[in-house]
Undergrad: 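Could you have a look at this structure, given as structure tokens, before my questions?
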Amino acid sequence: MYLCALCVFVVRFSSGSPRQPPGKASMDDKYSPQQIEAKWQQRWREQRTYSLAATAGKPKFFLLEMFAYPSGDLHMGHVRCYTVGDVQARYRIMKGFHVLHPPGFDAFGLNAENAAIQRQIHPGDWTESNMKRMREQYERMGFSYDWDQLVVTSHADYYRWTQWLFLRFYKAGLAYKKKAPVNWCPSCATALANEQVKDGLCERCDSVVTKKLLDQWFFKITQYADRLLSNHEKLEWPEEIKTMQRHWIGRSTGVEVDFTVEGTGAKIPVFTTRVDTLFGVTYLVLAPEHPLVNELVAGTDREADVREFQERMARQSEIERTATDAPKEGVPLGVNAINPATGEAVPLLIANYVLVDYGTGAVMGVPAHDTRDFAFAKEKGLPIRVVIAPPSDPTATDSAALQDAYVDPGVQVNSAQFDGIPSTEAKERIADWLEERGTGRRQVNTRLRDWLISRQRYWGAPIPILYCDKCGEVPVPEDQLPVVLPSDVSFTGKGESPLAGSPTFVNTTCPTCGGPARRDVDTMDTFVDSSWYFLRFASPQDETQAWDAGLVAHWLPVDQYVGGREHATMHLIYARFVTEALHDLGLLPFDEPFTRLFNQGTVYLHGKKMSKSRGNVVPLDAMCDQYGADTARCFELFIAPPDEQAEWNEKGVEGVWRFLRRAYTYVVTHRERFQADWRSSLAASAPTGEDDQAVRRKTHQTLQRVTEDLERFHYNTALAGLMELVNELYVRPGISDTVLSEAAELLTLMLSPFAPHLGEELWEGLGKDGMAAFQSWPEADAAVAREDVVEVVVQINGKVREKLSVPAETTKEELERLAMASDKVQALLEGLQVKKIIVVPGKLVNLVVGK
RNA sequence: GGGCGAGUGGCGGAACGGUAGACGCAGCGGACUUAAAAUCCGCCGGGGCAACCUGUGAGGGUUCGAAUCCCUCCUCGCCUACCA
């Protein structure tokens, strides 16, 4: 399908006879983007046009797009983010800012390692060649990057500072180690990332993936939960993203209640947000991995059953076990727990639905007032006790009558001294009572867990920790960084962490005692690399420090960040946490990295997300070959608002292509009429001809509209406006040279951020000096843009019945008079009474009528 | 199961509570051409000869006025997974 369009176009393109107008060898009347774009790209490269220094001496503007994973060949779905960002960067330059718009690569990660395993090449080589390829493609698209500002996370001069950051967190107590389960493929004998587990099976060998407990490093992000929430206030971000983060952090307030084990008196703290239901607890459930479980069943006749259940759970993947539709399973421990409120003994069980790492890993079972507990109790034949009656029947206590759990607020029943109290109030009273007696305390819990950063992989930043028999866990001294990735590693996809197979890496000396030591063989999650890369752009080549404090203070925070919504709860939370923590460590003067955020939408083709693995892509090179980068850029921006998903329709490309060609042809064929001094001519005498006035009005209206649209990222309507202006120029052949000159110059400047090659070509064609890209963004003349005659509609009860053509400044009173004076209106009002008249000057008159 | 978005002509979309369908694609008509392509100009939601009627996923509501705001439901997309 796509290839057909290609063939048609190639045929069409080559069939035209290339003609050169005599004496004008520098500029062809025929729009040939390939030629124009190659010319300007070469010039930009040679002259280092977009170097950071080019706009120095002006107020700063840091525009950053979420950096790319170096996957190789790009398609149009990849570059939407960069196109959106580039237009904004170019607009900001023209608005008079010193713009930092740097390229970067998030170059560590699993794909490189997989490629290494499949093709037996080094992940670094694979990554480097992809980055080279992508740089060529970014240049082909005409992106205004300063490549001297490039940051690559896999280079030792970058990851050295990732390791430094780890050490700072370690020393501050923000990095700690504990045992945690990883996905483990017993056949490959390797740890797997969640995305390598498909339906509970290893994606490579289809073995059943199990859990294995390993020593892992964590960052204490939970310590920043409240800050992550409260700082939202100062971020100019889409509310949608803030909301998603709020839910992800999942702050909930409740009470931790101390249950005890019958007989031994051992404490089992239980977190609940519904302490008002405490009197209705009929059983208690622990996570299968709860530390108390083994102890409780050791030597009892329940031990075998419980062990069997635990092992079965361990074999299940997290997805499987926590799928909502998975059957609720559980086994009794044969031990009771004492409810501190009632003194009553209730059975203890373990069940699949209780998570060891949320709350306390123990949940009280209140079947009468929790849907999930209700289902579980029915299934297991556990008792149900009503403790909250609906307000409509405040003494109802019959549990047999319950069809389902009653989860709404109501009135306490069966709750001793709290009977008769509204449940919302009882929540507080019971919490107070527990706190007084020392058997419970108010508590805040978050859904957010600490960030597990250890990865059992090769292609990442090694964790700068070593283990000495004498000194134990020792951080690598900062002056010994980087801990460099070894090259003597084979990529088999089997065995523990790949680094463990490199003796030269593993074996080292302890910096404290000089004795033998072993390095940590894990690398850091790539999200650590991307949680501080924006800071590196302030001083990307600094070899002495992670960043230059003065330059970071100057450039950051990022003024405008551009990227996809899919990062709402991962990257955008991690980067905020790291920035907040660095601020608290005294290393940054600000505590939020991204002041403004814009989320571009995903590109779809044939109803599916454009992606290489699905095979539905429009390759960037093919687009540039056929239509040129300017058409590719403009079409990508024209098909939909940039923040919404966009369906790529190959036919529509033609329309954008025609528009750019019409703009080119118009300016080029009229360039002899161009007057460089049109401004003074206009100042001397304002044109009076109808075409002149119409074109001037349209030009300034377009400028107003395009400016506004650029400010709010409405690029699709900005381009529609430019199309209208070009259309207007074609149907107004009678304009004067002065008006034509103004229109041609302003059109060229307005086109420039969207179609930068065309912009420069026309700018040069008009005989102007310098680059279009560095001209000041023009100011619209509101007086010229104003319409002097407007159409005002007359509505009767909201229905349009008449249209009036009136001067724009016509007053309310006059509009009302004109509306009533219309014969048509009068006829329609026959026998009716006007009860109310609403007048919106310049827009409408609405007559509210009745009998 | 939860969260976040989105539903407008044949299609992509436009419309910061005020003439629904800008702009573009496709389609139709015309000019140019021996002819076709390209180009340029015009028409283009549905019904009706017309006046007019009707129309923004469905149903209610608020308002002088709703695609837009509120409630209920349906469909699709993305993110997430039993959070006590």
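Chain A is the first sequence line, chain B the second, and so forth, proteins listed ahead of strands; every chain is numbered from 1. Computed from a predicted structure; not experimentally measured.
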Undergrad: What salt bridge (Lys or Arg N to Asp or Glu O under 4.0 Å) pairs are there with at least one residue in residues 710-721 of chain A, not counting sequence neighbours?
TA: A/Arg92-A/Glu711, A/Asp709-A/Arg712

Undergrad: At 4.0 Å (heavy atoms only), tell me whether A/Val731 reaches a base, stays on the sugar-phosphate, or touches nothing.
TA: sugar-phosphate

Undergrad: Indicate the atoms forming the closest heavy-atom contact of A/Ala785 with A/Arg697, along with that distance.
TA: O-CG, 3.4 Å

Undergrad: Side chains of A/Arg705 and A/His714: any donor to acceptor distance under 3.5 Å?
TA: no

Undergrad: For the P atoms, the ones on B/rU72 and on B/rG9, what distance do you get once it is rounded to whole angstrom?
TA: 25 Å

Undergrad: Check for a donor-acceptor pair, side chain of A/Asn846 on one end and backbone N or O of A/Gly798 on the other, with a separation under 3.5 Å.
TA: yes

Undergrad: Under the rule for side chain to side chain donor-acceptor pair (under 3.5 Å), what residues qualify as partners of A/Arg80, not counting sequence neighbours?
TA: none

Undergrad: Here's a test of your reading of the structure: between A/Thr569 and A/Glu239, which maps to the more 5' nucleotide of RNA chain B?
TA: A/Glu239

Undergrad: Under 3.5 Å, sequence neighbours excluded: what are the donor-acceptor pairs made by side chains of residues 373-380 of chain A?
TA:
from     : atom 1 : to       : atom 2 : distance (Å)
A/Asp373 : OD2    : A/Val366 : N      : 2.9
A/Lys380 : NZ     : A/Gly330 : O      : 3.0

Undergrad: Walk me through whether A/Arg251 and A/Asn445 qualify under side chain to side chain donor-acceptor pair (under 3.5 Å).
TA: CA-CA 6 Å; A/Arg251 188 178 194 277; A/Asn445 243 311; over 6 Å; no

Undergrad: Decide, for B/rG9, between syn and anti: a glycosidic angle within 90° of 0 counts as syn, anything else as anti.
TA: syn

Undergrad: What's the gap between B/rG77 and B/rU39 when it is taken at their P atoms, as a whole Å value?
TA: 37 Å

Undergrad: Does the protein touch nucleotides 63-78 of chain B at the base, only the backbone, or not at all? Give it as B, S and - per nucleotide, heavy atoms under 4.0 Å.
TA: -BS-----------SS

Undergrad: How far does the P atom of B/rA50 sit from the matching atom of B/rG45, given to the nearest Å?
TA: 14 Å

Undergrad: B/rC79, B/rC82, B/rG13: which one has an atom nearest the side-chain heavy atoms of A/Tyr353?
TA: B/rC82

Undergrad: What residues form a ring pair (Phe, Tyr, Trp, His ring centres under 6.0 Å) with A/Tyr666, not counting sequence neighbours?
TA: A/His670, A/Tyr730

Undergrad: With sugar-phosphate meaning primed atoms plus P, OP1 and OP2, does A/Glu644 contact a base, only sugar-phosphate, or nothing at under 4.0 Å between heavy atoms?
TA: nothing

Undergrad: Could you tell me whether the side chains of A/Ser822 and A/Glu802 share a donor-acceptor contact shorter than 3.5 Å?
TA: yes

Undergrad: Would you say A/Tyr353 and A/Glu329 are linked by a side-chain donor-acceptor pair, where the criterion is simply a distance under 3.5 Å?
TA: no

Undergrad: Which pairs, with at least one residue in residues 346-355 of chain A and sequence neighbours excluded, count as a salt bridge (Lys or Arg N to Asp or Glu O under 4.0 Å)?
TA: none

Undergrad: For RNA chain B, what are the stems built from at least three Watson-Crick or G-U pairs in a row, each pair having both distances below 3.5 Å?
TA: B:1-7 with B:74-80, B:10-12 with B:23-25, B:27-31 with B:39-43, B:45-47 with B:52-54, B:57-61 with B:69-73

Undergrad: Would A/Arg246 pass as a cation-pi partner of A/Trp237, given that its NZ or CZ must be under 6.0 Å from the six-membered ring centre and within 45 degrees of the axis?
TA: no

Undergrad: For a quick test of reading the model, state the closest non-hydrogen atom pair linking A/Ile249 to A/Thr446 and the distance between them.
TA: O-CB, 3.4 Å

Undergrad: Rounded to whole angstrom units, what separation is found between the CZ atom of A/Phe376 and the P atom of B/rA84?
TA: 18 Å

Undergrad: For A/Arg732, enumerate each residue passing the salt bridge (charged side-chain N to carboxylate O under 4.0 Å, His left out) test, keeping only those at least two apart in sequence or located in another chain.
TA: A/Glu690, A/Asp691, A/Glu728

Undergrad: Return the nearest nucleotide to the side chain of A/Val800; candidates are B/rA15, B/rC4, B/rA20.
TA: B/rA20

Undergrad: For the C1' atoms, the ones on B/rA26 and on B/rU75, what distance do you get once it is rounded to whole angstrom?
TA: 27 Å

Undergrad: Tell me: CZ of A/Phe713 to P of B/rC16, nearest whole Å?
TA: 19 Å

Undergrad: Would you say A/Lys30 reaches B/rU39's phosphate, i.e. side-chain N/O to OP1/OP2 under 4.0 Å?
TA: no

Undergrad: Between A/Glu239 and A/Lys242, does any side-chain N to carboxylate O distance fall below 4.0 Å?
TA: yes

Undergrad: Can you measure A/Tyr730 atom OH to B/rG24 atom C1' for me and round it to whole angstrom units?
TA: 16 Å

Undergrad: In whole Å, measure the gap between the C1' atoms of B/rC28 and B/rU34 for me.
TA: 25 Å

Undergrad: Is the phosphate of B/rC40, meaning OP1 or OP2, less than 4.0 Å from a side-chain N or O of A/Arg662?
TA: yes

Undergrad: Provide the closest heavy-atom pair for A/Ala743 versus A/Leu729 in the form atom of the first, atom of the second, distance.
TA: CB-CD2, 3.8 Å

Undergrad: Using a cutoff of under 3.5 Å, can you pull out all pairs of nitrogen or oxygen atoms linking the protein to nucleotides 21-23 of chain B, with atom names and distances?
TA:
from   : atom 1 : to       : atom 2 : distance (Å)
B/rA22 : O2'    : A/Glu724 : OE2    : 2.9

Undergrad: A side-chain contact here means heavy atoms from C-beta on lying under 4.5 Å apart; do A/Leu847 and A/Asn797 qualify?
TA: no

Undergrad: Send over the distance from A/His567 NE2 to B/rG5 P, rounded to a whole Å.
TA: 19 Å

Undergrad: What parts of residues 246-256 of chain A reach RNA chain B, counting only heavy atoms under 4.0 Å away?
TA: A/His247, A/Trp248, A/Ser252

Undergrad: Say you pick atom P in B/rU68 and the same atom in B/rC82; how far apart are they, in whole Å?
TA: 36 Å

Undergrad: Can you tell me if A/Gln245 uses its side chain to pair, donor with acceptor, with the backbone of A/Ala568 under 3.5 Å?
TA: yes

Undergrad: Using the P atom as the point on both nucleotides, what is the distance between B/rG12 and B/rG1, in whole Å?
TA: 29 Å

Undergrad: Regarding A/Lys824, tell me which of base, sugar-phosphate or nothing describes its non-hydrogen contacts under 4.0 Å with the strands shown.
TA: sugar-phosphate

Undergrad: Centres of the A/Phe635 and A/Trp648 rings: under 6.0 Å?
TA: yes

Undergrad: Expressed in angstrom and rounded to an integer, what is the separation of A/Glu708 atom CD from B/rA14 atom P?
TA: 15 Å

Undergrad: Where do A/Val255 and A/Leu434 come nearest, in terms of heavy atoms and distance?
TA: CG1-CD1, 4.1 Å

Undergrad: Between B/rC4 and B/rA37, how far apart are the C1' atoms? Round to whole Å, please.
TA: 49 Å

Undergrad: Measure CG/A/Leu722 against P/B/rA14 and give the value in whole Å, please.
TA: 16 Å

Undergrad: Name the pairs: protein N/O against N/O of nucleotides 46-49 of chain B, kept only if under 3.5 Å.
TA:
none

Undergrad: Is a donor from one side chain sitting under 3.5 angstrom from an acceptor on the other, for A/Asn727 and A/Arg662?
TA: yes

Undergrad: What integer distance in Å separates A/Asn599:CG from B/rA6:P?
TA: 13 Å

Undergrad: Rounded to whole angstrom units, what separation is found between the CG atom of A/Asn352 and the P atom of B/rC83?
TA: 13 Å

Undergrad: Closest-nucleotide mapping onto RNA chain B: is A/Arg372 or A/Gly655 further toward the 5' terminus? I mean the 5' end.
TA: A/Gly655

Undergrad: Below 3.5 Å between N/O atoms, which protein atoms pair up with nucleotides 26-33 of chain B? Just atom names and distances, please.
TA:
from   : atom 1 : to       : atom 2 : distance (Å)
B/rA26 : OP2    : A/Arg658 : NH2    : 3.3

